[in-house]
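A short worksheet on the structure shown next.
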Amino acid sequence: MRSASALGRTILAAARQAVLIALAGAFVFPLAFMLENSFKLGSGLTQSALENDNAVSGETALSQWGLRNYEVVLRTPQFLRYFGNTLLIAATTVAVGLLVNSLLAYSLARRRWKGSRLALALITTLMIVPFNAISMPLLLIVNWFGWLDTYQVQIVPFLATPLYVFLFHQFFIGIPRDYSDQAALDGANPLQIYWHVILPLSGPVIASVAVLNFLQAWGAYLWPLITVRSPDYYPLMLGASYLSQVGRESAPGAAMAFFALTSLPVLGLFLVFQKRFMQSVVDSSAKG
Amino acid sequence: MSLSGLARPETLATTGRATSWQRGEQKWDLLLAAPGLVLMLVFVLLPLAMAFGMSLTNQRLVSGPKVPTRFIGPENYVRLLTDDPAFWPALNHTLVFAAVVVPAETVLGLCLAVLINSKTRWASLFGAFYFAPFVLPVVVVAAVWTFFYASSAGGGPQGLFNTLILNISGGRLGPYDWLTDPRLVLPSISLFTIWQGVGFPMVIYLAGLQDIPAHLYEASALDGADGWQQLRFVTIPLLRNATLFVVVVTTMNAFGVFDQISIMAHGGGTFQSATTVIYLLVEYGFQQLQLGYASALGVLFLLFMLCLSVVERRVVREESALYE
């Protein structure tokens with residue numbers, strides 16, 4: 001009796017393991033497909049997935065691999081331009097955004113000024129306003145500023161974000177007041193307290209907001225599509241979108257290399273900070 | 001507004017009297033909060049207020065002398081709801097899309113979370129695999145998937161799905177025009193969306209599962225509950241808030257879907273059969289520059305989102321009241 005149930009449990013565990021592995025295959029396959037084909041030269045890309053295994057002999061298959069596609073992409077001046085643009089936009093948005101949002105949250109959490117409660121209530125309400133709903137008036141506003149076709153149109157509107165202020169605020173109110181009170185007695189001004197006391201204790205929330213903000217900035221597509229027409233200011237996503245329509249038949253390998261290079265920074269960060277990424281998504285759900 | 005407090009912080013230390021101390025304090029409050037407040041005012045609150053106003057005008061991006069911007073009352077809304085051949089189909093597509101994607105992502109997300117929550121070896125590694133598509137830019141993974149959906153109709157080689165179906169059925173089924181057949185384009189994009197997005201409910205559920213106290217399982221096991229009954233009577237009821245959150249967020253995302261539609265349905269001339277509400281909004285606002293009209297669509301979208309979140313908060317409140 002006992003051995004039968006033990007056997008059953010073993011079978012169950014093995015089955016579960018098999019399901020986990022099969023599912024992992026389904027989730028990783030498209031990424032593997034992208035990487036594999038980015039190293040593959042020659043055409044016939046879309047058929048290759050099934051037929052290569054049996055039809056092509058080892059030798060010719062090997063000779064069809066190489067870095068040519070990456071060379072092609074990296075030699076295109078547009079690619080480096082787009083990559084630089086996205087890097088600049090994402091880095092500035094995250095760095096300045098962290099500062100602006102955490103300063104505001106610190107002010108709301110630790111200092112009481114006229115209207116601070118109202119401001120907090122308003123910010124919590126604004127969290128649920130979807131960007132798409134206000135994108136049209138925003139387009140009008142940035143057009144007034146003369147910001148179409150610039151970097152700042154892709155950065156400045158995304159610096160102050162209600163959700164991030166809220167996340168910082170929730171974290172800051174959990175930090176014991178004794179720490180900052182002690183610093184104040186020692187003669188520190190509020191900015192010094194923020195910088196030397198609050199921020200060093202806030203690693204987790206800074207990481208969470210940075211991850212969420214970076215992912216959003218790196219993958220931004222709709223807004224640049226509306227506001228940027230000059231390729232000089234194109235982010236990577238507009239290039240990728242263009243390539244997905246044009247490159248499918250003409251240069252599939254190069255398109256895949258482009259996609260791979262585009263996802264590489266995100267994928268690399270994810271592999272290193274995997275737990276942090278997942279935790280930051282969970283943190284963002286604490287807004288209920 | 002004066003930011004001079006930044007220039008001379010030493011005044012704080014040198015002046016001893018309470019009144020000037022307080023005045024200095026107020027300067028600090030301004031200094032700390034002002035950048036965020038100003039930015040939010042200009043780029044969130046102002047456009048939000050303008051959306052309502054603009055939806056009652058015939059605002060265009062650049063209003064010339066030919067079409068001066070003027071107040072037209074609820075005309076945009078009337079036109080949208082009664083006289084726009086594209087609106088109801090777009091709403092219909094969005095509803096169908098959400099009706100498929102939301103339950104699928106929720107149920108699959110729960111299944112994945114339960115699978116990797118058990119003390120299986122490498123569980124967190126598998127979790128990372130399932131979550132990976134969610135962190136990648138939608139544009140890029142959607143572009144990769146268009147290769148899988150390729151059909152020879154466009155002149156190129158068959159994609160993965162057609163090759164698979166042709167091989168398995170021995171040529172009796174397919175090939176299908178996944179992204180250009182009006183009946184298939186939305187299901188194809190839905191499948192992609194589920195694959196891409198299911199990592200999100202998974203991590204939310206995983207966090208919820210880890211919050212369930214172990215003694216509940218022990219107690220139910222003593223009462224003779226088997227694994228399935230524990231899932232049905234312990235796990236799922238205690239994940240109610242997680243489920244609610246997942247359903248609300250995936251619904252919001254499904255209603256706001258744009259990126260993958262723009263990438264995947266661009267192929268044939270049939271992409272109207274995949275037009276969603278936000279796609280329509282961008283079409284009106286950006287392609288046709290009818291900002292007033294597009295704003296009306298945005299306001300309707302916003303009101304819908306508002307209702308959704310009010311319902312969520314009310315249900316959560318009822319729930320917590322139950323436990324008090």
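Sequence lines set the chain letters: A, B, ... in the order given, protein chains first and strands last, and positions in each chain run from 1.
Side-chain contact check for B:F43 versus A:L159: every heavy-atom pair is 4.5 Å or farther apart. Residues B:L115 and A:L23 form a side-chain contact, since some pair of their non-hydrogen atoms from C-beta on lies under 4.5 Å apart. At a threshold of 4.5 Å between non-hydrogen side-chain atoms, the residues A:S135 and B:L281 count as touching. At least one side-chain heavy atom of B:M40 sits under 4.5 Å from a side-chain heavy atom of A:V165. Considering only heavy atoms from C-beta on, A:M256 comes within 4.5 Å of B:V144 through its side chain. Taking the side chain as every heavy atom from C-beta outward, A:I128 and B:M305 never approach each other to under 4.5 Å. Contact of the B:W195 side chain with the A:P30 side chain is registered, since non-hydrogen atoms from C-beta on lie closer than 4.5 Å. Side-chain atoms of A:N37 and B:F147, non-hydrogen and from C-beta on, never get closer than 4.5 Å to each other.
Between A:P137 and B:M50, the shortest heavy-atom contact is CB-CB, 3.8 Å. The two residues B:A207 and A:V282 have their closest heavy-atom pair at CB-CG1, 3.6 Å. Taking each heavy atom of A:M136 and B:G285 in turn, the nearest pair found is SD-CA, 3.5 Å. When all heavy atoms of A:S244 and B:A143 are compared, the pair lying nearest together is CB-CB, 3.5 Å.
Taking OG of B:S295 as the start and CD1 of A:I134 as the end, the distance is 11.0 Å to the nearest 0.5 Å. Expressed to the nearest 0.5 Å, how far CE of A:M127 lies from OG of B:S309 amounts to 9.0 Å. How far CD of A:Q274 is from CG of B:L125: 7.0 Å, rounded to the nearest 0.5 Å.
Between chain B and the residues A:V19, A:V211, A:I21, the largest count of heavy-atom pairs under 4.5 Å involves A:I21. With chain B as the partner, the residue from A:L103, A:V266, A:T161, A:L140 showing the most heavy-atom pairs under 4.5 Å is A:L140. When A:L222, A:T262, A:L31 are compared by the number of non-hydrogen pairs under 4.5 Å with chain B, A:L222 comes out ahead. Comparing A:N101, A:V100, A:L108, A:L122 by how many heavy-atom pairs each has under 4.5 Å with chain B, the most go to A:V100. For the options B:F200, B:W145, B:Y284, B:F255, heavy-atom pairs under 4.5 Å to chain A are most numerous at B:W145. The candidate from B:I204, B:D259, B:L300 with the greatest count of non-hydrogen atom pairs under 4.5 Å with chain A is B:D259. Interface remark: of the candidates A:A119, A:P130, A:A240, A:P130 forms the most heavy-atom pairs closer than 4.5 Å to chain B. Annotation: maximal heavy-atom pairing with chain B below 4.5 Å, among A:R229, A:R110, A:Q192, occurs at A:R229. When the candidates B:G256, B:G127, B:A128 are compared by the number of heavy-atom contacts under 4.5 Å with chain A, B:A128 comes out ahead. Most heavy-atom pairs under 4.5 Å with chain A, from the set B:V135, B:V198, B:L302: that is B:V135.
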| task | Tell me, with the steps shown, if A:M237 and B:V140 meet side chain to side chain contact (heavy atoms under 4.5 Å, CB included). | result | CA-CA 7 Å; A:M237 291 310 131; B:V140 168; 4.2 Å; yes
| Which is it for A:L104 and B:L32 under the side chain to side chain contact (heavy atoms under 4.5 Å, CB included) test, yes or no, and what are the steps along the way? | CA-CA 6 Å; A:L104 175 53; B:L32 298 172; over 6 Å; no
| message | I'd like to know whether A:Y221 forms a side chain to side chain contact (heavy atoms under 4.5 Å, CB included) with B:I263, so could you lay out the CA-CA distance, the side-chain angles of the two residues, the decisive distance to 0.1 Å, and finally the verdict. | response | CA-CA 10 Å; A:Y221 174 61; B:I263 296 295; 3.9 Å; yes
| request: Report the C-alpha distance between A:F270 and B:F134 in whole Å, list the side-chain angles of each, state the deciding distance to 0.1 Å, and finish with yes or no for ring pair (Phe, Tyr, Trp, His ring centres under 6.0 Å). | output: CA-CA 11 Å; A:F270 175 61; B:F134 183 73; 9.9 Å; no
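Interface remark: A:L215 contributes side-chain atoms only to the contact with chain B (heavy atom separation under 4.5 Å). Within the 4.5 angstrom heavy-atom criterion, no atom of A:W223 approaches chain B. Proximity to chain B (any heavy atom under 4.5 Å) is shown, for A:A260, by neither the backbone nor the side chain. No part of A:F214 comes within reach of chain B, as not one of its non-hydrogen atoms sits under 4.5 angstrom from that chain. Using a 4.5 Å cut-off between heavy atoms, B:L112 contacts chain A through its side chain alone, with no backbone atom that close. For A:V129, the parts lying near chain B are the backbone and the side chain together; criterion is any non-hydrogen pair under 4.5 Å. Interface residue A:N132: backbone and side-chain heavy atoms are both found under 4.5 Å from chain B. Only the side chain of B:V141 comes within contact range of chain A, with at least one heavy atom under 4.5 Å from a heavy atom of that chain. For B:L48, the parts lying near chain A are the backbone and the side chain together; criterion is any non-hydrogen pair under 4.5 Å.
Aromatic rings of B:F131 and A:F27 (six-membered ring for Trp) have centroids beyond the 6.0 Å cut-off, not under it.
For B:F258, the CZ atom counts as densely surrounded, since its 6.0 Å shell holds more than 12 non-hydrogen atoms of other residues, nucleotides or ligands.
In this structure a side-chain-to-backbone donor-acceptor pair under 3.5 Å is present from B:Y130 to A:L20. Not one N or O on the side chain of A:W113 forms a donor-acceptor pair closer than 3.5 Å with the backbone of B:A33.
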